[in-house]
Student: 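Mind looking over this structure? Questions follow.
Computed over heavy atoms, backbone and side chain alike; hydrogens, waters and symmetry mates excluded. The structure presented is a predicted model; accordingly, all values stated were derived computationally and were not measured. Here is the naming used below: chain letters follow the sequence lines, and residue numbers restart at 1 for every chain.
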There are 2 protein chains.
Amino acid sequence: MSQDINAVMNEYLPLRDVVFQTLRQAILRGELEPGERLMEIHLANRLGVSRTPIREAIRKLELEGLVVMIPRRGAIVASITEKDLKDVLEVRRTLEIMAGEMACERITPELLEQLKSAGEEFRRLKDTNDFTSLAEVDVKFHDVIYAATDNQRLITILNNLREQMYRYRLEYLKDTGSHERLNTEHYEIYEAIRKGDKVSASAAIGRHIDNQRDAILAAIREHEKEENDKTDKNGKSGRIKGRKAE
Amino acid sequence: MSQDINAVMNEYLPLRDVVFQTLRQAILRGELEPGERLMEIHLANRLGVSRTPIREAIRKLELEGLVVMIPRRGAIVASITEKDLKDVLEVRRTLEIMAGEMACERITPELLEQLKSAGEEFRRLKDTNDFTSLAEVDVKFHDVIYAATDNQRLITILNNLREQMYRYRLEYLKDTGSHERLNTEHYEIYEAIRKGDKVSASAAIGRHIDNQRDAILAAIREHEKEENDKTDKNGKSGRIKGRKAE
DNA sequence: CCTGTGTTTTTTGTATACATAAGAGTATAA
DNA sequence: TTATACTCTTATGTATACAAAAAACACAGG
């Protein structure tokens, strides 16, 4: 079909973009740990390209805040402090509420339908152990609300803020006890948007993010505690790359 | 003084960053027009560096959305549609209000003092024709509010959003009729924050941004009308670089 | 055992080289 | 005149080369 032809036509991706997406994923998934150095030659060999695309990808990661440059030293994976996360969540809370209120006014019937399905799918999955799918559906749910705002800038910013905590998402979704509450919250949000009730939508989304916030912060603290225990016990911590940077 | 030593120590800036800032300024000030191509060799010669730093700077501009890449064709300066600007202003309005409310709670006496001075300085300048200084003071006023939020992520996003319209700022500040109103608005905002009155602060900032919005949109429409008149009259429009891109 | 110094290695920052795609221009044929 | 094929130019995309800074190391001296 012509769709395929189009796909082939758009198939061209500069190496720098491939590298960018690869590194980005690796950082957000935690495969590259905070503090770990990104050495150009090493990455170039590993990915089978020259330093040039690597460097250009790093420039983008730099602007996105996923890596930090140390002059004449190169890039290291940015570490997120608890303060950073609180800041991100504070902004995200405001913008998620904004998006929800806008969705109340602007959502289309098709998107409303999609929102419903996403909610239902979450409900179906909530008692399974398929955390990856669960995370995807959760993303989908919010994506629909974003799309309903018809504000591309808002969507971009919200996606970016959300991705900042991607590393912790799976972590806290493993707390199965919260699934029921998440499900309820989704339903409340859906209902509020369906009715066009901005006040309820705002309140529900606020609660939703607050709960997420608490869960993520708890997960982080748990995670850090484990890390400390590990390094305390055996000095030669399992991995070299785990080193925090100054 | 030791401040100077420190300055010298931090004096090192990779060429890519110099180029980045240079190009960025040029775009935001309108020296590089929307649709204009950024050709690497040309820029390299002009700035006296090789293509490498130019390319790395372009990668950052790309992520920031200030340029758009066309595959195997290079970068062109992104053009802002009216919809884009409305989107930006919509998000900015929400976040400026958020910042104002946070400032009500968290502002320190020193920052409050700075806010007062910035307001007063604006008042002093408002009847002069020094639009550049006026713009700077206006920036300063908002910067103080941002600083008071103690939320670095919010500050970064707000700065970015504000810069998106930098190209139009001088334009609309030339409308001297609005200066008195701007001055009043600044005072209202200052007073609300001083009192810690979130409701008033929110309302005042909302009005402030709404007015700015109207002024900027008016300036753009005026600007575009002029452009059209120009190109309509003499087919060979004065500049090659003015060409819009597809 | 620690400390300071000179040397080597590694890695970045920048420049340049080379292959290829896209576009412009040109000549030729209908 | 218009269309088409062919060349030629230009600019990008990627790889490589080279200089210089920083880190790692070794070694002499206290």
Student: Evaluate the side chain to side chain contact (heavy atoms under 4.5 Å, CB included) criterion for residues A:Thr52 and B:Thr52: first the C-alpha distance (whole Å), next the side-chain angles of each, then the deciding distance (0.1 Å), finally the verdict.
Tutor: CA-CA 9 Å; A:Thr52 308; B:Thr52 308; over 6 Å; no
Student: Under 4.0 Å between a Lys/Arg side-chain N and an Asp/Glu carboxylate O for B:Asp138 and B:Arg162?
Tutor: no
Student: What contact category does A:Ile54 fall into here, base, sugar-phosphate, or nothing, at under 4.0 angstrom with non-hydrogen atoms?
Tutor: nothing
Student: Find out whether B:Lys60 and B:Arg24 are in side-chain contact, i.e. whether some heavy atom of one side chain is under 4.5 Å from a heavy atom of the other.
Tutor: no
Student: In terms of side-chain geometry, is the basic nitrogen of B:Glu62 or B:Arg59 positioned less than 4.0 Å from the acidic oxygen of its partner?
Tutor: yes
Student: Counting only side-chain N and O atoms of B:Ser50, is one of them less than 4.0 Å from OP1 or OP2 of C:dA15?
Tutor: yes
Student: Looking at C:dG13, I'd like to know if its phosphate oxygens (OP1 or OP2) sit under 4.0 Å from a side-chain N or O belonging to B:Arg16.
Tutor: yes
Student: Would you classify A:Leu15 as touching base, sugar-phosphate or nothing, given that sugar-phosphate means primed atoms plus P, OP1 and OP2, and contacts are heavy atoms under 4.0 Å?
Tutor: sugar-phosphate
Student: Do any N or O atoms of the protein come closer than 3.5 Å to N or O atoms of nucleotides 19-25 of chain D, and which pairs are they?
Tutor:
none

Student: Roughly how many Å is it from CG in A:Leu38 to P in C:dG13, rounded to a whole number?
Tutor: 12 Å
Student: Salt bridge or not for A:Glu82 and A:Arg221, using N-O below 4.0 Å?
Tutor: yes
Student: Is any side-chain nitrogen or oxygen of B:Arg55 closer than 4.0 Å to OP1 or OP2 of D:dG13?
Tutor: yes
